[in-house]
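Heads up, the thing below is written out as structure tokens.
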Amino acid sequence: MKFEVLTIFPEIIECYIKHGVLGKALNKGIVEVKVYNLRDFTSDKHKKVDDYPYGGGAGMVMQIEPFYNAIMHLKADEKPRKLVLLSPQGRKFTQKLAQKFMEESKAMVLICGRYEGIDERVKAFVDEEVSIGDYVLSGGELAALVIIDSVVRLIPGALGDELSAVEDSFMKGFLDYPHYTRPEDFKGMKVPEVLLSGDHKKIALWRKRQALKNTLKNRPDLLKNLSPEDMRILKELC
Ligand SMILES: N#Cc1c(-c2ccc3ccn(Cc4ccc(CN5CCOCC5)cc4)c3c2)n[nH]c1N
């Protein structure tokens, strides 16, 4: 899968993609990330990318021309790609949308604005407008990284442990169970006995109960379409 990122801060993207899961996926050749500086698509000596908003108002707005020139440059190879604009006004990004992007797109262009946003006319050239959540960021770069990271985790072979992607809790519709590792006793804080028992059936049941308990407490909105068994466990917790 190929990601192409349009931004005035390429270093934000370049720094992050070298590490962790993404770094491994890049080294394996499972993923390719190319970052483009929008300032390279300007036509003035000052590489201007923003201007005052028509109609007045606070802040600056990013001009359409650099976005248009960059998008036309990418489209010159006539290869299919999904163009995604990051924006506070976008549709909510969820694990389901990450799955959809992974399944449907061989290449994605992630368009990152700054300032108070970008000229509305850029939207004529994009396929999706996406927001990663109900809070205001300073630009689209962090959102682009969230999308890249969550989509790459879903690519078969990217994690090197097929189970992790399948086990990601948002795929199952409830939160994760608690995790523990050595030491067994840290300043009197002990690992639950069941996890030391070696009884995999008991451990699985304990983990399911804990996951449902966490979900009921923190994200009851996720508790939909539970299996009869999960519903039975949930009722015991109430
Ligand atoms: N994805 C994503 C994002 C973004 C995001 C994405 C892209 C850009 C480009 C510029 N900015 C900054 C910016 C700040 C303030 C404002 C004003 N409005 C904000 C909402 O209330 C009304 C007034 C606009 C834009 C961006 C922010 N924020 N939150 C998400 N989940």
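In this chain, numbering begins with 1 at the start of the sequence shown.
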According to side-chain hydrogen bond (donor to acceptor under 3.5 Å, both in side chains), does anything in residues 45-57 pair up with another residue at least two apart or in another chain? List the pairs.
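Checked against side-chain hydrogen bond (donor to acceptor under 3.5 Å, both in side chains) - neighbours excluded - no pair reaches residues 45-57.
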How far apart are the C-alpha atoms of Glu4 and Lys2, what are their side-chain angles, what is the distance that settles it, and do they pass the salt bridge (Lys or Arg N to Asp or Glu O under 4.0 Å) test? CA-CA 7 Å; Glu4 294 159 316; Lys2 182 174 184 180; 3.6 Å; yes
Report task. Kindly work out whether a path of hydrophobic side-chain contacts (I/L/V/M/F/W/Y, heavy atoms less than 4.5 Å apart) joins Val61 to Tyr115. Result ->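 The answer is no; the residues belong to distinct hydrophobic clusters.
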Exercise. Among the clusters formed by ILVMFWY side chains lying less than 4.5 Å apart, do Met72 and Ile118 turn up in the same one?
Worked result: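 Both belong to a single hydrophobic cluster.
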* To do: Assess the pair Phe67 and Phe125: is the distance between their ring centroids shorter than 6.0 Å?
  =>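 Not under 6.0 Å, so no.
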Treating [X] as the side-chain partner and [Y] as the backbone partner, does any N or O pair qualify as donor plus acceptor under 3.5 Å?
| X | Y | value |
| --- | --- | --- |
| Asp127 | Leu83 | yes |
| Thr215 | Leu175 | yes |
| Asn37 | Pro10 | no |

Test item: [X] and [Y] side chains (from C-beta on) under 4.5 Å apart, heavy atoms:
| X | Y | answer |
| --- | --- | --- |
| Val35 | Glu14 | yes |
| Asp199 | Val194 | no |
| Arg153 | Met102 | no |
| Leu97 | Val130 | yes |

*Given the rule in the salt bridge (Lys or Arg N to Asp or Glu O under 4.0 Å) test, do Lys208 and Glu229 qualify, once you have shown the distances and angles that lead to the verdict?*
CA-CA 10 Å; Lys208 176 58 72 71; Glu229 172 59 10; over 6 Å; no
Taking every non-hydrogen atom, the tightest pair across Gln210 and Pro178: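 Heavy atoms only, the tightest pair is CB-CD, 3.3 Å.
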Strictly below 4.0 Å, N to O, side chains only: are Lys100 and Glu103 in salt-bridge contact?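 Answer for the salt bridge query: no.
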Scan the side chains in residues 139-147 for donor-acceptor partners under 3.5 Å anywhere in the protein, sequence neighbours excluded, and list what turns up.
{"from": "Glu141", "atom 1": "OE1", "to": "Arg114", "atom 2": "NE", "distance (Å)": "2.9"}
{"from": "Glu141", "atom 1": "OE1", "to": "Arg114", "atom 2": "NH2", "distance (Å)": "3.0"}
{"from": "Glu141", "atom 1": "OE2", "to": "Thr7", "atom 2": "OG1", "distance (Å)": "2.6"}

